[in-house]
Structure formats: structure tokens, C-alpha cells
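Remember, it's 1-based here, ligands and their atoms both numbered in the order they're listed. Note that the numbering runs from 1 along the sequence shown for the chain.
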Amino acid sequence: METGGDKAGSVRAEGFAPSRGVVRSISIAPMLDRTDRHFRFMMRLITRQALFYTEMIAASAVVHGKPDRFLAFNEVERPLAVQFGGDDPASLAAAAAMAEDRGFDEINLNVGCPSDRVQRGRMGACLMLDAARVAAIVDRIRSTVALPVTVKHRIGVDRRDRFEDLCEFVETVADAGADRFTVHARKAWLSGLSPKQNREIPPLRYADVYKLKREFPHLIIEINGGVTTPAAALEHLEAVDAVMIGRAAYDTPCSWFEVDRIFFGEHAPAADVDAIIDAMTEYARAETEKRTPAGFIVRPMLGLWNGRPGARAWRRTLSDSLAAGWEAADAIAAAREARHEAAEASGGSRGV
Ligand SMILES: Cc1cc2nc3c(=O)[nH]c(=O)nc-3n(C[C@H](O)[C@H](O)[C@H](O)COP(=O)(O)O)c2cc1C
């Protein structure tokens with residue numbers, strides 16, 4: 001596979017006014033109920049360099065709730081962006097200040113989620129219909145923290161999905177100083193489709209995102225949606241500054257082993273899947289001591305062998321062991337053995 005080397009790695013933001021910081025050319029998307037701290041810890045064994053995100057966190061939950069619960073992370077997860085949802089500039093800025101104090105690297109605003117619950121809170125994709133409010137939020141956060149402030153959005157919502165509408169949105173928000181635009185390359189329907197359908201049914205329109213970059217060459221544009229291999233990710237960099245990977249990172253984490261080599265010219269932190277399992281076993285023991293439920297620790301590991309011999313035995317043994325109340329490290333050991341036996345039986349190999 002062709003390597004991107006320096007060009008693909010990180011784009012220094014100098015010259016990309018008004019951006020702050022360094023832009024990572026690849027990131028792992030925010031995903032509710034997926035990209036928790038355990039998943040992020042595991043993914044750091046696969047890529048040291050990609051930018052990671054939290055799940056979406058409602059700013060009000062941080063400001064009026066339990067910031068320590070929502071904003072906890074392990075230093076090894078950095079560079080790490082926190083993604084907030086909300087529509088109130090003051091509360092988003094207050095949440096951003098708390099995130100900055102705790103060491104996050106970036107503040108991201110969710111303008112892409114179309115769920116009913118999120119819309120009721122006037123968060124997410126419905127904000128694409130109110131660019132002035134998004135601009136006010138970005139402006140307020142930017143004047144409160146020194147971190148990069150970025151926006152994740154769609155190419156359009158409902159009938160407001162012309163390229164001109166997208167440009168108008170981006171221009172308004174860019175004027176407020178947004179440091180990067182991550183564009184999920186499909187529109188969202190605010191009613192009639194579930195969030196899952198809204199990630200599948202509206203067609204991907206990569207050309208709109210490429211054109212957006214050509215229209216605003218001085219802005220940092222990241223593309224998202226339907227990217228399933230490192231090679232496909234690299235191809236997008238011909239047209240945009242960065243690429244964000246969502247479901248494919250969760251479903252087949254080990255197919256991203258090549259990211260650091262291809263994008264940054266470095267080796268992956270872990271040598272192979274077995275090395276990840278060793279590190280996760282140690283992690284599981286430490287988290288079990290802190291009384292973290294076994295299911296939380298092990299769930300991100302379910303997809304580790306996907307696409308390789310023995311994957312089903314691995315998943316089934318992990319799930320069964322957890323259901324039987326085993327500790328995380330013991331469930332992992334049993335699943336490792338079962339996977340190995342299944343792979344041997346099918347003539348497959350042990351490692352990567
Ligand atoms: C289970 C799940 C949860 C998601 N949660 C969020 C979220 O909290 N915030 C957000 O901006 N996008 C969220 N998304 C959307 C992803 O970040 C991404 O935009 C989308 O999955 C398209 O990228 P992909 O095709 O690479 O998966 C979620 C997606 C999934 C599958």
C-alpha cells in the first residue's frame with residue numbers, strides 16, 4: 001500500500017487562519033454508547049496518532065450534573081476532543097472551560113445528530129437551520145478557552161440541502177472562528193428517519209465536501225461517512241484536510257493497524273491482536289480493582305477479531321463469560337483460548 005508520509009500526517013495550522021493548534025489528518029468519530037474511555041484506551045493500542053473523541057455529552061449535564069463522571073479520561077487517550085451538545089452559548093462555554101481545565105485538546109460541537117431526544121434539547125443537526133446561533137456558540141467558546149473549537153455537521157438537513165445552503169452555514173460559522181469543519185457527507189432528515197436510518201439512507205455526497213474545500217481553501221475541512229479502510233481514508237486526503245472514521249473503527253478495530261504507518265510514518269503501538277489482548281488484560285485487572293463493571297471493559301473488545309478466523313468463538317465466549325458473571329480478565333482469557341482453538345480447527349493463523 002502506498003504511504004502518505006508527511007503529507008498525510010498532520011497539517012500544521014499556520015497559514016490556515018483562523019485555526020488554532022495542529023490538525024490531525026485522521027480521527028475516530030464520536031459515537032454515543034461506543035467511544036467511551038475503554039474503547040479509546042483500546043484504540044490507542046492501535047493508533048497513537050489519530051485524534052479521538054468522546055461520545056456526545058450534553059453541556060447542561062456537565063454544568064449542572066457530574067462533570068467528573070462525564071469528563072473522565074486516561075492521559076494515554078490524548079489527543080482527545082470532547083464533543084458537546086447544546087444550544088446555549090453560556091452553558092457550552094462553561095462546559096468547555098471545565099473540559100479545558102481537565103486537559104482535553106479540543107472542543108467540538110455536535111451539529112449532526114438528528115435524534116428526537118437531541119432535537120428536543122435543541123441540540124445536534126437541527127442547529128444547521130440556525131447558523132447564527134452556532135456562530136454565537138463558537139464565538140462564546142472561543143473567547144472562553146484557548147483550545148481549538150470545531151464543529152461536526154451534515155451537508156444539509158431536510159429540504160435545506162443545497163450546496164449554497166451548506167456554504168452559507170460554513171461561512172457564517174467560520175466567521176465566528178471555528179477551527180475545523182467535520183462534515184458527515186450525507187444530509188439528515190429531522191423527522192421520519194431514526195438516527196440509524198439517517199446514517200444509512202440519505203446517500204453519501206462526497207463531492208459536496210470536496211467542493212466545500214475548494215470553495216473555502218483557507219478552512220480546515222474533514223470528511224466523514226462510509227470510510228471503511230485506511231486506503232480509502234488516504235484517498236480522501238487528495239481533496240480534503242482530514243478524514244473521520246466511525247462505525248468501521250468500532251466494528252473492525254484491527255483493520256486500522258496501518259493508520260500510524262500510512263498517515264504518520266510510525267509503527268502501531270501494539271504489534272498484533274495478541275499484544276492488544278495482553279494490554280487489555282492488564283487494563284481489565286486495574287479497572288476491576290476500581291470496580292468498573294466487566295461488561296464496560298470488555299464490550300469494546302468484541303470486534304477485535306472481526307474478519308479473522310475464530311471471531312465468532314471469541315465474541316460468543318466473551319459474551320457467555322460475562323453473562324455468567326466472570327471477571328473481565330478471566331472472560332478475556334477464556335475467549336482467547338476459544339478463539340485460538342476455533343482458528344486452529346479452521347486452519348487459520350493465531351496472530352495478525
Ligand atoms: C452508535 C453510534 C453513535 C453515534 N453517536 C454520535 C455522537 O455522539 N456524536 C456525533 O457527532 N455523531 C455520532 N454518530 C455519528 C458518527 O460520528 C458518524 O458521523 C457516522 O457514523 C458516519 O460515519 P461512519 O460512516 O464512518 O460510521 C454516531 C454513530 C453511531 C453508529
Do any N/O atoms on [X] end up under 3.5 angstrom from N/O atoms on ligand 1?
X: Gly246; value: yes
X: Met56; value: yes
X: Gln83; value: yes

Self-check item: Option of least heavy-atom distance to atom 6 (C) of ligand 1 (set: Ser27, Pro30, Gly85)
Solution: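 Among Ser27, Pro30, Gly85, the closest heavy atom to atom 6 (C) of ligand 1 belongs to Pro30.
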
Proximity to ligand 1 by part of [X], non-hydrogen separation under 4.0 Å:
X: Lys152; result: side chain
X: Arg247; result: both
X: Met31; result: both

Between [X] and [Y], does at least one N-O distance fall below 4.0 Å, as a salt bridge requires?
X: Glu75; Y: Arg44; answer: no
X: Lys196; Y: Glu200; answer: yes
X: Glu55; Y: Arg34; answer: no
X: Glu168; Y: Arg160; answer: yes

Practice problem: Check the pair Thr150 / Glu106 against side chain to side chain donor-acceptor pair (under 3.5 Å), numbers first and verdict last. | Solution: CA-CA 7 Å; Thr150 62; Glu106 175 181 317; 2.6 Å; yes

Residue, atom name and distance, where the atom is the protein heavy atom closest to [atom]:
atom: atom 31 (C) of ligand 1; result: Arg199 NE, 3.2 Å
atom: atom 18 (C) of ligand 1; result: Asn224 OD1, 3.4 Å
atom: atom 5 (N) of ligand 1; result: Leu32 N, 2.8 Å

For ligand 1, which atoms have a heavy atom of [X] less than 4.0 angstrom away?
X: Ala29; answer: 17 (O)
X: Asn110; answer: 9 (N), 10 (C), 11 (O)
X: Gly226; answer: 24 (P), 25 (O), 26 (O)

Practice problem: Determine the interplanar angle of the His153 and Phe169 rings, folded into 0 to 90°, and report it as parallel if under 30°, tilted if 30 to 60°, perpendicular if over 60°. | Solution: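 Aromatic pair His153/Phe169 classed tilted.
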
Quiz item: Parallel, tilted or perpendicular for Tyr283 and Phe41, by the 30°/60° rule?
Solution: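 It falls in the parallel class, under 30°.
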
Exercise. Side-chain contact test, heavy atoms from C-beta onward, threshold under 4.5 Å: evaluate it for Met244 versus Tyr53 and give yes or no.
Key: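 A side-chain contact exists here, since the closest heavy-atom pair is under 4.5 Å.
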
Quiz item: Passes salt bridge (charged side-chain N to carboxylate O under 4.0 Å, His left out), Arg142 versus Asp139? Steps please.
Solution: CA-CA 5 Å; Arg142 244 188 155 248; Asp139 181 54; over 6 Å; no

Self-check item: Within-shell test, Gly225 vs ligand 1, heavy atom, strictly < 4.0 Å
Solution: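 For ligand 1, residue contact (heavy atoms, under 4.0 Å) with Gly225 is present.
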
